[in-house]
Every structure is written in structure tokens, then in C-alpha cells.
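A quick write-up on the structure given underneath.
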Amino acid sequence: MSLDPIDYEHSEPGLRRRDLDPDPIKQFSNWFTAAIEARIRDVNAMSLATATAAGRPSVRIVLLKGFDQDGFVFFTNYESEKGRQLAANPFAALGFYWIEQDRQIRIAGETVKTSREESERYFHSRPLGSQLGAWASRQSEVLDARRVLDARMAQITERFAGKPVPLPPHWGGFRLKPDYMEFWQGRANRLHDRFRYTLQGDGNWLLERLSP
């Protein structure tokens, strides 16, 4: 298969330092709100990169479920591949790409588990089927056949019929606390605008323009 350059030119007006908020979380909020207003599909879908204790990386798409000054939150099975990797190596990275706006955001930092109370609040906001599925799926484990999963789901559905579904002990959230954030805006001739925020020892953020 040929992978010759696709005839696509970036046409956005670009990004200037004065366009950016000194606080990268607020800047993320500005761009995230603009993406929602632009009706971008699955705006909260993000790449999550983790690594083993030995440094072997892994990446997948997950959904952002909240963010504030304390960090960026997603939920998962703690016994999944990403859950096990984060237990061994808590550092991770996130990536957002909204092609409709020629924008990319990179975020990196250390993760911590959300509190049991926060995990419970989110878990019980999910559709009933998703709550049952969290009990039925042994995420990332080898599965002999689909019928095995379907049988587990049937058993769990019967087990909790007519009752509130409790939060599984193996399920909950992670919060990534950023120390690095980068905002990328596409420009003509691949001379894109890139700005990096780096958290300093005094708690302030250093903002720098990067070469594309």
C-alpha cells in the first residue's frame, strides 16, 4: 500500500501566545468548550498511553469523564492491562485530536486512583447495562468464546435483578495530574503552532513556543 502524502492543507489562522490562558487547565477548558460547540463527535475520546515497569508502552482510546484543577479523570477495570500498568508505573500521557479544528492537545503526568466515593458516583450514573457489564467482563483476560461472556452477563443480570448494582471492587477511576501540557494548532506548510506548558517547582506554569 502506498502512503504518499495526502493532499490536505491546514488552513486555520494559527495560534499566538496572547491567545492562550496562563493556566493550561483553563486553556484546555476553552478548547474543549469550542470543540463541543463545533459539534465534534466523541469530543471526549482521548488516547491513553501507559507503560509497564520496564518501560514497554501501550496505547488505547478511552473517554475523558471529568477535569478540573486536580487533573483529568477516566474510569476502568483496575485489573485490565492499563490498570495493571498504572499500578506498576503511575506515569501516563493523554492525547486529543480534533481534525475539524486542526487542533491537538498532549498531556502527561502522574496518575492516582479516584476515591471510592467518586468512583461510586460515576458508576451509578452509568446505564444499567454498563454497570452489569463491569461485573461480567474480566477486562483484558483471554476469552474462549463470546458465549462465555454472554453467559456471565446473564448470570450477573439474574444476580442483581431488582436490586441496586454495587460498585465492583476491581473497578474505579484514575486522575492524571498534569505536569506537561501542549497545545498544537495546524498551520500552512506544516509550520504548525505549538505551545508547551511545563509545571515548575513553585507550582507555576512555564509557557514556551516550540518549533514545529
Side-chain angles (χ1 to χ4, degrees), residues 23-26 28-33 35-36 40-53 58-96 105 107-143 146 148-181 199 203:
D23 182 338
I25 305 296
K26 292 180 180 178
F28 178 88
S29 181
N30 293 341
W31 273 22
F32 193 77
T33 299
I36 291 173
I40 292 176
R41 181 180 176 185
D42 296 327
V43 66
N44 62 326
M46 60 185 184
S47 299
L48 166 66
T50 58
T52 64
S58 181
V59 67
R60 76 289 288 159
I61 304 296
V62 300
L63 297 179
L64 176 69
K65 290 300 182 180
F67 67 92
D68 55 25
Q69 289 296 325
D70 290 328
F72 298 81
V73 177
F74 59 93
F75 293 87
T76 189
N77 185 318
Y78 288 141
E79 297 173 357
S80 65
E81 179 187 63
K82 57 184 169 300
R84 294 194 304 270
Q85 288 182 352
L86 289 172
N89 178 357
F91 293 95
L94 309 175
F96 294 83
I105 304 174
I107 304 169
E110 189 170 3
T111 61
V112 295
K113 287 183 177 180
T114 58
S115 69
R116 197 69 180 164
E117 292 74 20
E118 185 174 355
S119 295
E120 285 180 335
R121 283 196 301 271
Y122 173 69
F123 182 79
H124 290 121
S125 74
R126 305 175 87 206
L128 177 60
S130 296
Q131 295 181 42
L132 295 170
W135 279 93
S137 175
R138 299 169 186 171
Q139 195 175 99
S140 301
E141 290 190 5
V142 174
L143 192 63
R146 175 73 195 198
V148 177
L149 182 61
D150 292 339
R152 288 181 194 158
M153 186 64 167
Q155 291 170 356
I156 291 297
T157 301
E158 182 178 357
R159 174 181 171 185
F160 294 118
K163 297 182 291 185
V165 181
L167 174 67
H170 57 266
W171 200 95
F174 284 101
R175 174 175 283 101
L176 186 147
K177 302 172 77 66
D179 55 29
Y180 175 102
M181 294 182 67
L199 186 62

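Scope of the values below: all heavy atoms of this structure, side chains included, with no hydrogens, waters or symmetry mates. Just so it is clear, the structure is predicted and the values come from calculations on it, not from any experiment.
Around the NZ atom of Lys65, the shell of radius 6.0 Å holds more than 12 heavy atoms that belong to other residues, nucleotides or ligands. By the 6.0 Å contact criterion, CD on Glu158 is open, its count of non-hydrogen atoms from other residues, nucleotides or ligands being 12 or less.
A cation-pi contact, defined as under 6.0 Å to the ring centre and within 45° of the axis, links Lys113 to Tyr78.
Ring pair Phe67/Phe72 is parallel by interplanar angle, where below 30° counts as parallel and above 60° as perpendicular.
The line from CG of Leu167 to CD of Glu120 is 5.5 Å long, rounded to the nearest 0.5 Å. Here Glu110 contributes atom CD and Arg175 contributes atom CZ; the two are 13.5 Å apart, rounded to the nearest 0.5 Å. One finds the CZ atom of Phe74 at 9.5 Å from the OG1 atom of Thr114 (value rounded to the nearest 0.5 Å).
Between Met153 and Leu132, the closest side-chain pair of non-hydrogen atoms falls below 4.5 Å. For the pair Phe160/Pro166, a side-chain contact is recorded, criterion being any heavy-atom separation below 4.5 Å from C-beta on. Contact annotation: the side chain of Val59 never approaches that of Leu48 to less than 4.5 Å [non-hydrogen atoms, C-beta and beyond]. Side chains of Ile61 and Ser47 form a contact here, defined as non-hydrogen atoms less than 4.5 Å apart.
Considering only residues two or more places apart in sequence or on other chains, Tyr180 meets the ring pair (Phe, Tyr, Trp, His ring centres under 6.0 Å) condition with none of them. With sequence neighbours excluded, no residue forms a side chain to side chain donor-acceptor pair (under 3.5 Å) with Asn30. With sequence neighbours excluded, no residue forms a salt bridge (charged side-chain N to carboxylate O under 4.0 Å, His left out) with Arg41. For Arg152, there are no salt bridge (charged side-chain N to carboxylate O under 4.0 Å, His left out) partners two or more places apart in sequence or in a different chain. For the salt bridge (charged side-chain N to carboxylate O under 4.0 Å, His left out) test, residues two or more places apart in sequence or in another chain that qualify with Asp150 are Arg146.
Although no hydrogens or angles enter the test, the distance criterion places a donor-acceptor pair under 3.5 Å between the side chain of Asn44 and the main chain of Leu64. For Trp171 (side chain) and Ser119 (main-chain N/O), no donor-acceptor pair under 3.5 Å exists by modelled atom type. The main-chain N or O of Arg126 is found under 3.5 Å from a side-chain atom of Gln131 such that the two form a donor-acceptor pair. Between the side chain of His170 and the backbone N or O of Ala134 there is at least one donor-acceptor pair closer than 3.5 Å. Distance alone, capped at 3.5 Å, places no donor-acceptor pair between the Ser29 side chain and the Ile25 backbone. Thr111 places a side-chain N or O within 3.5 Å of a backbone atom of Pro90 that can act as its donor or acceptor partner.
Shown here for Ala108 and Leu176, the closest heavy-atom pair between the two residues is C-CD2, 3.9 Å.
In this structure, Trp31 has its ring center no closer than 6.0 Å to that of Phe96.
The stretch residues 74-96 participates, sequence neighbours left out, in these salt bridge (charged side-chain N to carboxylate O under 4.0 Å, His left out) pairs: Arg60-Glu81.
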